[in-house]
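Just the heavy atoms: all of them, side chains too, but no hydrogens, waters or symmetry mates, feed the values below.
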Amino acid sequence: MNTETLKRTEKKIDSKMRITGSEAIVRCLIAEGVNTLYGYPGGAIMPVYDELYKFQDKINHVLTRHEQGATHAAQGYARISGKVGVAIATSGPGATNLITGIADAQIDSTPMVCITGQVGSHLLGTDAFQETDIIGISTPVTKWNHQITKASQIPEVLAKAFYIARTGRPGPVLIDITKDAQFEAFDFLYEKCDGIRSYVPVPNTDPETLKNAAQLINSAKKPLIIWGQGVILSEAENILRAVIEKAGIPSAWTIMGASAIPTSHPLNIGMVGMHGNYAPNVLTNECDVLIAIGMRFDDRVTGNLETYAKQAKVIHFEIDPAEVDKNVKTEVAVLGDAKKTLQALLPLLNKKVHVNWLQKFKDLYKVEYEKVINDDLYPVKEGITMAEVIKEINKQSRGQAAIVSDVGQHQMIACRYAEFNVTKSNITSGGLGTMGFALPAAIGAKMAAPERDVVAIIGDGGYQMTIQELGTIFQTKVPVKIVVLNNDFLGMVRQWQQLFFDKRYASTEIQNPDFVAIAKGYSINAKKVTKREEIASAVKEMMASKAAYFLEVSVEKEANVFPMIPTGASVSDIRLS
């Protein structure tokens, strides 16, 4: 061993300290830059909580009121910050309560590390009290998971967990740690992970695919870009804008891609999908080149695949090779990180303006405006529409607020009508469609970005699925704004029942409690609006509040969200009424 190697080895040994596994877990989190995590204590994770108590000057543990709330809060934290969200729970029911949030994070590519306690290693497989095979349960909905039974495994496994969660296409990782491993002492040394053999988070980009893509784009007469969340995850917003502007291409977005480009941009032609805008949906089946960037051709975007963009040559910019040709056959697949591949594409593009093609989008927007948008935003009927509430929030926030929406009609309305002038401003449950997501996710988002206004838009049904997280707001004093658009229905299901089940409203009408009284019970300022003329002043009061604020708005009971692509229909068959 030469002198230089000997010095490095001695330094490594000298930097070790003998500590317990539970202390090692906390020190690993701190080394990864974690300053906030969400969770709920219990027997099998108690040693870690004892260490969190000792390190509370360095790391803030937020006690949620349910483990599912912890995962959604961690998701909100991750989505607005770009960092890895962290949730922690005990074994058995504590661990299983994390699963919905983990599954949500997996399908929406959200970086998250979940840590669960487990019974002692000598009890594994004995059906001990609060023992559950969380590794087996979570395998289908995690990017990676691992069970630790020895304290010495903790540093390496947690370093891998954070590396896997954040790199490539992000996702959730679950680490299960037995109680004896938490108590066991060992010589601790933490080294961040910067690579794992056989794990290639970002595939190499073939330069030929970039040339082929540029050639197709340059020769296109009717090109259309659809971008997704991959643009936001790779922080490619600015380069996407440069590509759009240079090539003069009308560009639409998926729900998860919303806010990457400002709503007001002249080449931003709206949202695609089941309740997206009329023009980009219809003209998907008229474009000659379809450029998909960081999106996965979800069924809610494509409608009937047998009729989706069959006339177009499809270019797919994608980081995950498994998504290429999975749903839509591509002409050219450009693998790699969106930011890098778009940067390489830009100099290959010709400067263009597609005047006539863009005019077709403008003409169809006028049709949608006259038949749908005008009535949503400027109703003449007595009942309050969801859209006019969003319109007032836009006005008061100047499009700067982060909108955290739950799942249902209000989600579609929020995505359609919110003005997004800042990236990472649309936080919602896209792929899994998890009711109850918004309230805890808004808590996490506000904690990660305290300088931003965070407004949760929630339906009366989804609100009650995680309403207990008002207790988290009460205890932490996190100043989130909560808007419940109350129509006394499970609105989206009711809409389907009206349109496709002859108005048989089976189990969709809800008898709701006094939401204002409940909010006030948690010392949260609250108000209920029932008249149109009250909206502006109530939203202004809410946005001006320095503390948490709850606003309930009674909206039309049986209003529907249009446009709408019926299940199994083509994007060309989108309905305006």
Open item on the list: With a sphere of 6.0 Å drawn around CD of Gln400, does it hold more than 12 non-hydrogen atoms of other residues, nucleotides or ligands?
Closed with: yes
For residues 282-295, tabulate all N or O donor-acceptor pairs below 3.5 Å that involve a side-chain atom, not counting sequence neighbours.
unit_1, atom_1, unit_2, atom_2, d
Thr284, OG1, Pro280, O, 2.6
Asn285, OD1, Ala309, N, 2.8
Asn285, ND2, Thr307, O, 3.1
Asn285, ND2, Ser570, OG, 3.2
Asn285, ND2, Ser572, OG, 2.8
Glu286, OE1, Lys360, NZ, 2.7
Asp288, OD1, Lys222, N, 2.9
Asp288, OD2, Lys221, N, 2.7
Asp288, OD2, Lys222, N, 3.2

Notebook entry, point to check: More than 12 non-hydrogen atoms from neighbouring residues, nucleotides or ligands closer than 6.0 Å to CG on Asn327, yes or no?
Noted result: yes
Distance col, row Asp206:CG vs Lys211:NZ, nearest 0.5 angstrom, shows 9.5 Å
Would you mind reporting whether Ile565 and Asp573 have side-chain heavy atoms less than 4.5 Å apart? no
Where the side chain of Lys246 meets the backbone of Leu346, is there a donor-acceptor pair that is under 3.5 Å apart?
yes
Sorted by chain and residue number, the salt bridge (Lys or Arg N to Asp or Glu O under 4.0 Å) partners of Glu156 (sequence neighbours excluded) come out as Lys160
Glu237 meets the salt bridge (Lys or Arg N to Asp or Glu O under 4.0 Å) criterion, sequence neighbours left out, with none
Closest heavy-atom pair, Gln411 versus Val407, reported as atoms and distance to 0.1 Å, is OE1-CA, 3.5 Å
With Ile135 as partner, the option from Gln147, Gln118, His146 fulfilling side-chain contact (heavy atoms from CB on, under 4.5 Å) is Gln147
Pairs under 3.5 angstrom only: tabulate donor-acceptor contacts from the side chains of residues 432-450 to other protein residues two or more places apart or in another chain.
unit_1, atom_1, unit_2, atom_2, d
Thr434, OG1, Asp104, OD2, 2.6
Lys446, NZ, Pro450, O, 3.0
Lys446, NZ, Arg452, O, 2.6

query = Donor-acceptor pair, Glu368 side chain versus Tyr278 backbone, under 3.5 Å?
reply = yes
query = Can you tell me if NZ on Lys310 sees more than 12 non-hydrogen neighbours from other groups inside 6.0 Å?
reply = yes
- Message: Any non-hydrogen side-chain atom of Asn277 less than 4.5 Å from a side-chain atom of Arg416?
- Response: yes
Distance-only side-chain donor-acceptor flag, Gln229 / Asp108, under 3.5 Å: no
Next item on the list: Could you give me the CA-CA distance, side-chain angles and deciding distance for Glu245 and His265, then say whether side-chain hydrogen bond (donor to acceptor under 3.5 Å, both in side chains) is met?
Entry: CA-CA 10 Å; Glu245 291 174 350; His265 193 283; 2.7 Å; yes
Practice prompt. May I ask you to decide if Ile148's main-chain N or O and Gln153's side chain share a donor-acceptor pair within less than 3.5 Å?
Written response: no
* Check whether any side-chain heavy atom of Leu233 sits under 4.5 Å from a side-chain heavy atom of Met256, and report yes or no. => no
d(Ile99 CD1, Gln106 CD) to nearest 0.5 Å is 11.0 Å
ask   = For the side chain of Ser251 and the backbone of Ile249, is there at least one donor-acceptor N/O pair under 3.5 Å apart?
value = yes
Under a 4.5 Å cut-off applied to non-hydrogen side-chain atoms, are Asn145 and Asp176 in contact?
-> no
ask   = Would Thr428 and Ser405 satisfy side-chain hydrogen bond (donor to acceptor under 3.5 Å, both in side chains), going step by step from the backbone distance to the final call?
value = CA-CA 5 Å; Thr428 194; Ser405 57; 2.9 Å; yes
*Are Tyr190 and Ile30 close enough that some pair of their side-chain heavy atoms sits under 4.5 Å apart?*
no
Between Thr263 and Asn268, do the side chains contain an N or O donor and an N or O acceptor separated by less than 3.5 Å?
no
Review point. For Lys329, does the NZ atom sit with more than 12 other heavy atoms under 6.0 Å from it, leaving out its own atoms?
Key: no
Review point. Under the 3.5 angstrom rule, does the side chain of Lys352 hit a backbone N or O of Asn218 as a donor-acceptor pair?
Key: yes
So do the side chains of Ser234 and Ile319 get within less than 4.5 Å of each other, counting heavy atoms only?
-> no
All heavy atoms of Leu358 vs all of Pro266, minimum pair found to be CD1-O, 4.4 Å
Between the CD1 atom in Ile45 and the CD1 atom in Ile177, the distance rounded to the nearest 0.5 Å is 6.0 Å
Which is it for Thr209 and Leu335 under the side-chain contact (heavy atoms from CB on, under 4.5 Å) test, yes or no, and what are the steps along the way?
-> CA-CA 8 Å; Thr209 62; Leu335 295 176; over 6 Å; no
Query raised in the report: Just by distance, do the side chain of His275 and the backbone of Met564 share a donor-acceptor pair under 3.5 Å?
Result: no
Would a distance-only check, ignoring hydrogens and angles, find a side-chain to backbone donor-acceptor pair under 3.5 Å from Thr302 to Leu305?
no
request  = Could you check if a side-chain atom of Tyr308 sits within less than 4.5 angstrom of a side-chain atom of Val301, using non-hydrogen atoms only?
outcome  = yes
For residues Ile403 and Phe420, determine if any side-chain heavy atom of one lies less than 4.5 Å from a side-chain heavy atom of the other. yes
On a heavy-atom basis, the closest approach of Pro155 and Cys28 is CA-SG, 3.9 Å
Residue pairs meeting salt bridge (charged side-chain N to carboxylate O under 4.0 Å, His left out), one or both in residues 23-32, sequence neighbours left out, come to Glu23-Arg27, Glu32-Arg166
When rounded to the nearest 0.5 Å, the distance separating CH2 of Trp357 from CD1 of Ile269 is 9.0 Å
CZ of Phe297 to CD of Glu323, rounded to nearest 0.5 Å, is 10.0 Å
Between the OG1 atom in Thr330 and the NE2 atom in His316, the distance rounded to the nearest 0.5 Å is 8.0 Å
Step by step, work out the side-chain contact (heavy atoms from CB on, under 4.5 Å) result for Leu158 and Ile115. CA-CA 9 Å; Leu158 281 181; Ile115 296 171; 4.2 Å; yes
Nearest heavy-atom contact between Phe317 and Ala213 is CZ-CB, 4.3 Å
Verdict with supporting geometry, Trp253 and Ser259, side-chain contact (heavy atoms from CB on, under 4.5 Å):
CA-CA 9 Å; Trp253 38 273; Ser259 81; over 6 Å; no
Heavy-atom closest pair (Val571 atom, Gly303 atom, distance to 0.1 Å) is CG1-N, 4.4 Å
Would Val34 and Val84 satisfy side-chain contact (heavy atoms from CB on, under 4.5 Å), going step by step from the backbone distance to the final call? CA-CA 8 Å; Val34 177; Val84 178; over 6 Å; no
Here the ring pair (Phe, Tyr, Trp, His ring centres under 6.0 Å) pairs for residues 150-171, sequence neighbours left out, are Tyr163-Tyr199
Tested for side-chain contact (heavy atoms from CB on, under 4.5 Å) against Leu210, the lone hit among Val332, Leu348, Leu342 is Leu348
Shortest non-hydrogen pair, Val231 vs Ala260, comes out as CG1-CB, 4.0 Å
- Message: Can you tell me if Lys143 has over 12 outside heavy atoms packed within less than 6.0 Å of its NZ?
- Response: yes
